[in-house]
Amino acid sequence: MAVYTDVAAEDLAEFLKGYDIGELLSYKGIAEGVENSNFLLHTSNGAFILTLYEKRVAVDDLPYFLSLMAHLAERGVRCPQPARNRKGEVYSELAGRPAAVINFLEGMWPRRPNAVHCTGVGEALAKMHLAGRDFPMFRKNPLSVEGWRPLFDLAAPRADSVAPGLQDFITRELDHLEACWPKDLPLGVIHADLFPDNVFFLGDKLSGLIDFPFSCNDILAYDVAICLNAWCFETDHSFNVTKARALLNAYGRERQLSEAEQEALPLLARGSALRFLLTRLVDFLNVPPGALVKPKDPLEYVRKLRFHRNVASVRDYGLTQAGCVA
Ligand SMILES: Nc1ncnc2c1ncn2[C@@H]1O[C@H](COP(=O)(O)OP(=O)(O)OP(=O)(O)O)[C@@H](O)[C@H]1O
Ligand SMILES: N[C@@H](CCO)C(=O)O
């Protein structure tokens, strides 16, 4: 359960007096997520989510992703909206952390994603990329290729305690990706963490996207690669090409991937696998004492990375050749 920071009832009640969202009736910590502390609030006006932003979220970045959520919603992308307090601010401070209240989104994230879910996420991702084209703010991705080595430095000395040879494996991968990372692919606003637990469905119909603190400006196809990793592998670690084809097809119907983007997919997927391997490894080695959180398995992403290293062409992702979908 991700509650790193506890909130006393009287502090929360005081904090909520600054908002016009009703009287606090109840609240509880949410048993999901690993990054931030989340609480479900019930007030006399309905249900809300309170987030206290933790280590990976800089206060200066809050206006970017809270404004992005408003921008996307105005363009038809379903996502929660930040509430404004009586001073007009979308975030303020609670229990010593930056905190925001957003509206509760109906739906459930899929515990066992199928090809229909993958179609939904491919379509929603492309629509988000298109809706982000006129978003005026800019945020560089701190977890893109330049950010990986500093992250690795935090974990390298203890990496082999997680799996023998891991330090060497990551070093070689990092050297390769830093040398070959693509420079000329289309850029835009990306979600950067669109995992199944961040996409809600009502039945088979996608009801919304959540969790924007990693959103930033980066290579659009990198976001597609993140989704391939997050949605298209089975629990036995095998790659499911039917799901990948569904995701890529649906994405392509809204925003066609260029030939260069398709050719770069295996490399982008390797990079995305390394990014999540590294953040998971750092978290695994540094669980804060007393935090109610179950760290995610870094080695899952070693397996995914190995898969992409052996990908010979985009056919392995369900694409017949650049520009055509099988
Ligand atoms: N707007 C919302 N409406 C309904 N439930 C929400 C909403 N936002 C968050 N949740 C609930 O809180 C859980 C954790 O939220 P979230 O994924 O944002 O946590 P996180 O720790 O910031 O992220 P993560 O570990 O996925 O990066 C979600 O799985 C969901 O159950
Ligand atoms: N989605 C991430 C955690 C939040 O960034 C992971 O599964 O490693």
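Order of listing sets the numbers, starting from 1, for every ligand and every atom in it. Side-chain atoms are counted along with the backbone in the values below, which use heavy atoms only and exclude waters and symmetry mates. Numbering starts at 1 and runs along the sequence shown.
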Trainee: Do the ring centers of Phe239 and Tyr317 come within less than 6.0 Å of each other?
Mentor: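 Yes, ring centres under 6.0 Å apart.
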
Trainee: Could you tell me whether Asp134 and Arg75 make a salt bridge, using a distance below 4.0 angstrom between a side-chain N and a carboxylate O?
Mentor: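 Yes, charged N to carboxylate O under 4.0 Å.
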
Trainee: Can you sort out which atoms of ligand 1 are near Asn198, meaning under 4.0 Å from one of its heavy atoms?
Mentor: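 Listed by number with element, the hits are 17 (O), 26 (O).
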
Trainee: Heavy-atom distances under 4.0 Å decide this one: backbone, side chain, both or neither, for Asn36 against ligand 1?
Mentor: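 Near ligand 1, Asn36 shows its backbone as well as its side chain.
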
Trainee: May I ask you to list the atoms of ligand 2 that are less than 4.0 angstrom from any heavy atom of Phe276?
Mentor: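 Checking each atom against Phe276, I get 2 (C), 6 (C), 8 (O).
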
Trainee: Report, in ascending order of atom number, the atoms of ligand 1 lying under 4.0 Å from any heavy atom of Asp193.
Mentor: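 What qualifies from ligand 1 is 27 (O).
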
Trainee: Less than 4.0 angstrom from a charged side-chain N to a carboxylate O is my criterion; do Arg149 and Glu178 meet it?
Mentor: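 Glu178 and Arg149: salt-bridged.
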
Trainee: For ligand 1, which atoms have a heavy atom of Pro80 less than 4.0 angstrom away?
Mentor: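 Every atom of ligand 1 under 4.0 Å from some heavy atom of Pro80: 1 (N).
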
Trainee: Checking contacts here: is it the side chain or the backbone of Phe195 that comes within 4.0 Å of ligand 1, counting heavy atoms only? Could be both or neither.
Mentor: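 For Phe195, there is no contact with ligand 1 at all, from either part.
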
Trainee: Could you establish whether Tyr301 and ligand 2 come within less than 4.0 Å of each other, counting only heavy atoms on the residue side?
Mentor: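 Tyr301 does not count as a contact of ligand 2 under the 4.0 Å cut-off.
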
Trainee: With heavy-atom distances below 4.0 Å as the criterion, list the atoms of ligand 2 near Phe214.
Mentor: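 Those of ligand 2 that fall under 4.0 Å from Phe214 are 5 (O).
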
Trainee: Using a 3.5 Å cut-off on N or O atoms only, is Glu35 in polar contact with ligand 1?
Mentor: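 In this structure, Glu35 places an N or O atom under 3.5 Å from an N or O of ligand 1.
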
Trainee: Which of the atoms of ligand 1 are close to Asp197, meaning less than 4.0 Å from one of its heavy atoms?
Mentor: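 So the atoms of ligand 1 that pass are 26 (O), 29 (O).
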
Trainee: Evaluate whether atom CD of Glu23 has more than 12 neighbouring non-hydrogen atoms of other residues, nucleotides or ligands under 6.0 angstrom away.
Mentor: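 12 or below, so no.
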
Trainee: Does some non-hydrogen atom of Thr279 fall short of 4.0 Å from ligand 2?
Mentor: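 Distance cut 4.0 Å: Thr279 fails for ligand 2.
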
Trainee: Same cluster for Ile102 and Met108 if Ile/Leu/Val/Met/Phe/Trp/Tyr side chains link at under 4.5 Å?
Mentor: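 They do not share one cluster, since no chain of ILVMFWY contacts under 4.5 Å joins Ile102 to Met108.
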
Trainee: Would you check whether Arg275 has a nitrogen or oxygen atom less than 3.5 angstrom from a nitrogen or oxygen atom of ligand 2?
Mentor: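 Not met; the criterion fails.
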
Trainee: Starting from atom 1 (N) of ligand 2, locate the nearest protein heavy atom and write down its residue, its atom name and how far away it is, to 0.1 Å.
Mentor: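 The protein heavy atom lying closest is Asp193 OD1, 2.7 Å.
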
Trainee: Treating Arg111 as the side-chain partner and Trp109 as the backbone partner, does any N or O pair qualify as donor plus acceptor under 3.5 Å?
Mentor: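 Yes, Arg111 side chain to Trp109 backbone: donor-acceptor pair under 3.5 Å.
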
Trainee: Considering Leu209, Asn38, Thr51, Ile49, which one's heavy-atom position lies nearest to atom 15 (O) of ligand 1?
Mentor: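 Answer by nearest heavy atom: Asn38.
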
Trainee: Is it true that atom CG of Asp153 has more than 12 heavy atoms of other residues, nucleotides or ligands lying nearer than 6.0 Å?
Mentor: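 Yes, CG of Asp153 has more than 12 neighbouring heavy atoms, counting only those of other groups under 6.0 Å.
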
Trainee: So, Lys296 side chain and Phe284 main chain: donor-acceptor pair closer than 3.5 Å or not?
Mentor: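 Such a contact is absent between Lys296 side chain and Phe284 backbone.
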
Trainee: For ligand 1, find out whether one of its N or O atoms is nearer than 3.5 Å to an N or O atom of Ile30.
Mentor: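 N/O-N/O distance under 3.5 Å: no.
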
Trainee: Could you tell me whether Asp61 and Arg139 make a salt bridge, using a distance below 4.0 angstrom between a side-chain N and a carboxylate O?
Mentor: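 So Asp61 pairs with Arg139 through a salt bridge.
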
Trainee: Please list the nearest protein heavy atom to atom 7 (O) of ligand 2 with its residue and the distance rounded to 0.1 Å.
Mentor: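 Its nearest protein heavy-atom neighbour is Arg280 NH2, 2.7 Å.
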
Trainee: I'd like to know whether ligand 1 has Leu40 as a neighbour, heavy-atom separation below 4.0 Å.
Mentor: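 Flag not set, Leu40 not near ligand 1.
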
Trainee: Is Glu173 salt-bridged to Arg270, going by a charged N under 4.0 Å from an acidic O?
Mentor: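 Yes.
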
Trainee: For ligand 1, which atoms sit closer than 4.0 Å to a heavy atom of Ile102?
Mentor: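 With Ile102 as reference, the close atoms of ligand 1 come out as 1 (N).
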
Trainee: Within a 6.0 Å radius of atom CZ on Arg86, are there more than 12 heavy atoms belonging to other residues, nucleotides or ligands?
Mentor: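 Yes, enclosed.
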
Trainee: Got the closest protein heavy atom to atom 3 (C) of ligand 2, with its distance?
Mentor: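 The answer is Val34 CG2, 3.8 Å.
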
Trainee: Looking at Asp160 and Leu166, would you say the former's side chain and the latter's main chain have a donor-acceptor pair under 3.5 Å?
Mentor: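 Yes: the side chain of Asp160 pairs with the backbone of Leu166.
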
